[in-house]
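What follows is a short report on a single structure.
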Amino acid sequence: MTTYHDRAHAGETLAGLLSGLAGRPDVTVLGLVRGGVPVAEVIADRLQAPLDVLVVRKLGMPLAPEVAFGALGPGGVQVRNESPAAQLPPEQVAEVVRTEQAELDRREQLYRAGRAPLDLDGRTAVIVDDGLATGATARAAVAVARQMGAQRVVVAVPVGSPEAYDMLAAEADEVVCPERPPGFGAVSRYYDDFHEVSDREVTEVLRAEG
């Protein structure tokens, strides 16, 4: 079942498929923290594009957290899907937002130490993750990138479920996903090395990026 040796191998594969973006001054490569960052690092290097991270927190239904009623992004960006949100009492919505905002703020403070605020205005945002299972986080990231002013949003993932791919294809301007096996299962099935990416690994990648 293995398709990739590790996340760097996945990044090399995706970089080849994204070669049309190489050298363009409007491109920013965004790793979804944490697992998408090592993949994005390789892509940014091959495309000669700046690398940054996009911290997104899904706002999940309290009894079904995999079902998102919205998302939070940097700089106070909030995306809300009013249909599921309307099913919740306002105090529950507020509690979920408060919890996820605290985690987003923690990660932003950690990852952006010494870095300028993320600016996507008028840019082509290439959102990178290590795989798509439900696609909910990537979908939230697309919405956040658009609210942050991105002119074009490309999602690049090495492997994903067909259902998640179809959902993202309706949201993003382009989805690059070379492997879409039926009976998808877990992302980890498609890697020899799928270790949990640590905060330290992310900060070291960003420090090397400068």
Presence of salt bridge, [Y] and [X], under 4.0 angstrom:
X: Glu12; Y: Arg46; value: yes
X: Arg34; Y: Asp130; value: no
X: Arg112; Y: Asp52; value: yes

side-chain hydrogen bond (donor to acceptor under 3.5 Å, both in side chains) against Gln78, all qualifying residues, sequence neighbours excluded: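 Gln78: side-chain hydrogen bond (donor to acceptor under 3.5 Å, both in side chains) contacts with Arg80.
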
Residue Gln48 excluded, over 12 heavy atoms near CD under 6.0 Å: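 For Gln48, atom CD is not crowded (no more than 12 foreign heavy atoms under 6.0 Å).
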
Over 12 foreign heavy atoms within 6.0 Å of CD, Gln151: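 Not buried by this count: 12 neighbours or fewer within 6.0 Å.
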
What distance separates [X] [atom1] from [Y] [atom2], expressed to the nearest 0.5 Å?
X: Leu72; Y: Lys58; atom1: CG; atom2: NZ; value: 12.5 Å
X: Leu51; Y: Glu41; atom1: CG; atom2: CD; value: 7.0 Å
X: Glu95; Y: Glu100; atom1: CD; atom2: CD; value: 10.0 Å

Got Val155 and Glu171 here, is their nearest side-chain heavy-atom distance under 4.5 Å?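 Not in contact.
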
Are side-chain heavy atoms of Arg207 and Thr203 found at a separation under 4.5 Å?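 Yes, side chains in contact.
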
With a 4.5 Å cut-off on side-chain heavy-atom distances among I, L, V, M, F, W and Y, is there a chain of contacts connecting [X] to [Y]?
X: Leu118; Y: Leu206; result: no
X: Leu168; Y: Val144; result: yes
X: Val39; Y: Val27; result: yes

From CA spacing to verdict: side chain to side chain contact (heavy atoms under 4.5 Å, CB included), Arg152, Glu174: CA-CA 9 Å; Arg152 180 173 171 80; Glu174 182 181 358; 3.1 Å; yes

CA sep, side-chain torsions, deciding dist, call: Arg106, Asp199, side chain to side chain contact (heavy atoms under 4.5 Å, CB included): CA-CA 11 Å; Arg106 182 194 75 82; Asp199 283 336; 3.4 Å; yes

Run the side chain to side chain contact (heavy atoms under 4.5 Å, CB included) test on Tyr4 and Asp193 for me, step by step, so that the C-alpha distance in whole Å, both residues' side-chain angles and the decisive distance to 0.1 Å come before the verdict. CA-CA 8 Å; Tyr4 302 104; Asp193 174 4; over 6 Å; no

State which residues pass side chain to side chain contact (heavy atoms under 4.5 Å, CB included) with Ser188; sequence neighbours excluded, sorted by chain then number.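 By the side chain to side chain contact (heavy atoms under 4.5 Å, CB included) rule, Ser188 matches Ala186, Phe194.
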
Residue among Val126, Leu120, Val128 satisfying side-chain contact (heavy atoms from CB on, under 4.5 Å) with Leu30: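 Going through Val126, Leu120, Val128 one by one, the side-chain contact (heavy atoms from CB on, under 4.5 Å) with Leu30 is satisfied by Leu120 alone.
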
Residues Gln101 and Asp105: side-chain donor-acceptor under 3.5 angstrom: yes

Using the ring of each side chain (for Trp, its six-membered ring), is Phe184 parallel, tilted or perpendicular to Tyr190, with breaks at 30° and 60°?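 Judged by the thresholds at 30° and 60°, the geometry between Phe184 and Tyr190 is parallel.
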
Could you walk me through whether Val159 and Arg189 pass the side chain to side chain contact (heavy atoms under 4.5 Å, CB included) check? CA-CA 10 Å; Val159 62; Arg189 296 172 64 192; over 6 Å; no

Is a side-chain donor or acceptor of [X] paired with a backbone partner of [Y] at a separation under 3.5 angstrom?
X: Ser161; Y: Ala133; answer: yes
X: Arg7; Y: His195; answer: yes
X: Arg123; Y: Pro25; answer: yes

